[in-house]
Asks: 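Below is one structure. I have some questions about it.
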Amino acid sequence: MTARKKIIVLGAGIIGACSALRLQRDGHDVTLLDRDEPGLGSSFGNAGSISGSGCIPMALPGMLRNVPKWLFDPLGPLSVRRSYALRAAPWLFQWIRASRLDVVRAAADALHALNAGPADGYRALLSPDQYGDLIQAAGCLHVWRKRPAGRTEALIRELRATHGERAEELGADAIRQLVPALGNTITAGLLLPDSAHIRNPHRLVQALVCNLAEAGGRVVRDEVRGIGFGAAGPDRVVTRMGSLRFDGLVVAAGAFSGRVASELGLRVPLEAERGYHLTVIDPSIRLPMPVAFGDHKFYATPMETGLRLAGTAEFAGLAAAPDWRRSEALLANARRVLPGLDGSGTSVWMGRRPSIPDSVPIIGPSPKHANVVLAFGHGHYGMCGGPGTGRLVADLVAGRAPFIDPTPYSAERFTRAAAA
């Protein structure tokens, strides 16, 4: 039987909520700590699609030729603010290096091991009513004006096939039968029937946190001021209201995890990759499933709050003000491919994805402190990786054999790389 420990989980997003619930069910005394209401960070505004395998890293061979035109288009799919360019450069350099074929294949293996079957993972964490209310297994459709060719696209197909993700090529007529709202410029599609989507990501996190509380866990809203150390190492979280002592600490604070890691003596290549969304609250069209538009690099996902348009990546740091033109650009692009879309009645949002250059999150014990587990850096795959991460964190805290090999997610892979 697992020895009962007093554990603090920093961060009440999808990763923290899944980890805290798993740990509480293991018999630990868990406190989930966040400055904000659960689910209000990057988990709140994501596209909501959960892939059947979640194995495609963001850095891919051949993308380097596109980087210059992306970086110098302030409203393009990837942009860097001029004021942040020097600070972003080291991370972007590592990101480009991560597009080597050997790194991509290793990253795909690690992502698949962690992210495979996320819908079943949520089924284990939610009640049947919660699951039926929040998760919809309708597939996902990727579309283009013209199906891309070349080695990058061939590699994506290979990685999906290698990791067992079913994919069905569709022509223009089949696409419009499936999604009549799509415009005539769309001629090529790829249906991923094993994908699902979340009807409201914010409510999903809240449901997990509710289950945590019902299992006996605590949820505390307070601002973290630092980590306190005793004779044996870190033993308390210092907050605005006081100090909370722990036997074990799980760092799942998303894009803010780098600050905590620094206090623990660690340097990790974590970047706040800012994403935007615009939700059409009462859309004039209906989509039966999420649609990913490859030409414009955004998703359109039907949610209970409306039609969510989400995507793009912006590097501007943690504190810079949002550039709401990026949300407006999402709507403009959506109208080009969804000609019947009425954009009246909208809401906008910006969040900070916690991103690692090779797309593989850091999950595992701190190299410096045995009672600290790191769980951050999921980037675009947070909703896919929540259940697997929670399970892996619980295995590591319990000292039992992990359900997957934890080596690919270790923070030490970066210290080894630096030494090499």
Asks: Are side-chain heavy atoms of Y276 and W324 found at a separation under 4.5 Å?
Replies: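 Touching, per the 4.5 Å side-chain cut-off.
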Asks: Should I356 and F414 be marked as a side chain to side chain contact (heavy atoms under 4.5 Å, CB included) after you check the CA-CA gap, both sets of side-chain angles, and the distance that decides it?
Replies: CA-CA 10 Å; I356 299 291; F414 296 109; 3.4 Å; yes
Asks: Please tell me if the side chains of F44 and V205 come closer than 4.5 Å, counting only heavy atoms from C-beta onward.
Replies: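 Not touching, per the 4.5 Å side-chain cut-off.
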Asks: Within this structure, what is the CD-OG distance for the pair E314 and S79, rounded to the nearest 0.5 Å?
Replies: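 Here the rounded value is 4.5 Å.
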Asks: Distance from H142 atom NE2 to C140 atom SG, nearest 0.5 Å?
Replies: 4.0 Å
Asks: Does the side chain of H163 pick up a donor-acceptor pair with the side chain of D109 at under 3.5 Å?
Replies: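 Short answer, yes.
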Asks: Does R218 have any side-chain hydrogen bond (donor to acceptor under 3.5 Å, both in side chains) partners at least two apart in sequence or in another chain, and if so, which?
Replies: T31
Asks: Using the side-chain contact (heavy atoms from CB on, under 4.5 Å) rule, pick out the option among I14, I15, N115 that qualifies with M383.
Replies: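 Single pass found, and it is I14.
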Asks: In this structure, is the centre-to-centre distance between the rings of H369 and F229 below 6.0 Å?
Replies: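 Distance test on ring centres: under 6.0 Å, yes.
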Asks: With rounding to the nearest 0.5 Å, note down the distance linking CG in N211 to CZ in R25.
Replies: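 Interatomic distance, N211 CG to R25 CZ, rounded to 0.5 Å: 6.0 Å.
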Asks: Looking at R336 and D295, is any side-chain nitrogen of the basic one under 4.0 Å from a carboxylate oxygen of the acidic one?
Replies: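 No, this pair does not count.
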Asks: Using modelled atom types and a 3.5 Å cut-off, is there a donor and acceptor pairing between side-chain atoms of T301 and backbone atoms of A47?
Replies: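 Yes, T301 side chain to A47 backbone: donor-acceptor pair under 3.5 Å.
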Asks: For R225, look at atom CZ and say whether over 12 heavy atoms of other residues, nucleotides or ligands are found less than 6.0 Å away.
Replies: yes
Asks: Mark yes when over 12 heavy atoms from residues, nucleotides or ligands other than D102 sit less than 6.0 Å from its CG; otherwise mark no.
Replies: yes
Asks: Quick one: does any side-chain atom of T187 pair with a main-chain N or O of R145 as donor and acceptor, under 3.5 Å?
Replies: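 Checking the backbone N and O of R145 against the side chain of T187, a donor-acceptor pair under 3.5 Å is found.
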Asks: Any idea how W91 and W95 line up, ring-wise: parallel (<30°), tilted (30 to 60°), or perpendicular (>60°)?
Replies: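 Parallel: the ring planes of W91 and W95 meet at under 30°.
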Asks: Between atom CG of L338 and atom CG of N333, what is the distance when rounded to the nearest 0.5 Å?
Replies: 10.5 Å
Asks: Pairing donors with acceptors under 3.5 angstrom, does anything connect the side chains of T239 and D222?
Replies: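 A pair is found: one side chain offers a donor N or O, the other an acceptor, under 3.5 Å apart.
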Asks: Got more than 12 heavy atoms from elsewhere within 6.0 Å of CZ, R87?
Replies: no
Asks: Does any part of the side chain of R203, heavy atoms only, come nearer than 4.5 Å to the side chain of Q206, both counted from C-beta?
Replies: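 Contact flag for Q206/R203 side chains = yes.
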Asks: Could you please spell out the steps behind the side chain to side chain contact (heavy atoms under 4.5 Å, CB included) verdict for L141 and L170?
Replies: CA-CA 9 Å; L141 179 65; L170 299 179; 3.8 Å; yes
Asks: Salt bridge or not between D323 and R81? Use side-chain N to carboxylate O under 4.0 Å.
Replies: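 No, this pair does not count.
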Asks: Report yes or no: do T407 and D405 form a side-chain donor-acceptor pair below 3.5 Å?
Replies: yes
Asks: Does one side chain, of H112 or E165, offer a donor that lies under 3.5 Å from an acceptor on the other?
Replies: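 No pair is found: no donor N or O on one side chain lies under 3.5 Å from an acceptor on the other.
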Asks: What are the two closest non-hydrogen atoms of A59 and V104, and how far apart are they?
Replies: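 Closest approach of A59 to V104, heavy atoms only: O-CG2, 3.4 Å.
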Asks: Identify the two heavy atoms, one from R221 and one from D36, that lie closest to each other, and give their separation to 0.1 Å.
Replies: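 That closest heavy-atom pairing would be NE-C, 3.5 Å.
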Asks: With a 4.5 Å heavy-atom cut-off, do S327 and W349 have their side chains touching?
Replies: no
Asks: Return the minimal non-hydrogen interatomic distance between A138 and H197, and the atom names on each side.
Replies: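 That closest heavy-atom pairing would be CB-CE1, 4.2 Å.
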Asks: So which atom in I7 and which in H28 form the shortest heavy-atom distance, rounded to 0.1 Å?
Replies: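 That closest heavy-atom pairing would be CD1-CG, 3.7 Å.
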Asks: Work out which heavy atom in P118 is nearest to a heavy atom in C384; give both atom names and the distance.
Replies: CB-O, 3.6 Å
Asks: Looking only at heavy atoms, which two atoms of A255 and L270 are closest? And how far apart?
Replies: O-CD2, 3.8 Å
Asks: Distance check, rounded to the nearest 0.5 Å: L396 atom CG versus L392 atom CG?
Replies: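 Spacing of CG (L396) from CG (L392) equals 4.5 Å.
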Asks: Please check if the number of heavy atoms outside R35 that lie under 6.0 Å from its CZ is greater than 12.
Replies: no
Asks: Starting at OH of Y381, measure out to OG of S355 and round the result to the nearest 0.5 Å.
Replies: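 It is 11.5 Å, given to the nearest 0.5 Å.
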Asks: R105 vs T162, test: side chain to side chain contact (heavy atoms under 4.5 Å, CB included). Steps then yes/no.
Replies: CA-CA 10 Å; R105 292 191 189 282; T162 299; 6.0 Å; no
Asks: When you compare the side chain of V337 with that of F298, does any pair of heavy atoms fall below 4.5 Å?
Replies: yes
Asks: Before accepting this row, confirm whether a basic side-chain N of the pair K6/D247 lies closer than 4.0 Å to the acidic partner's carboxylate O.
Replies: no
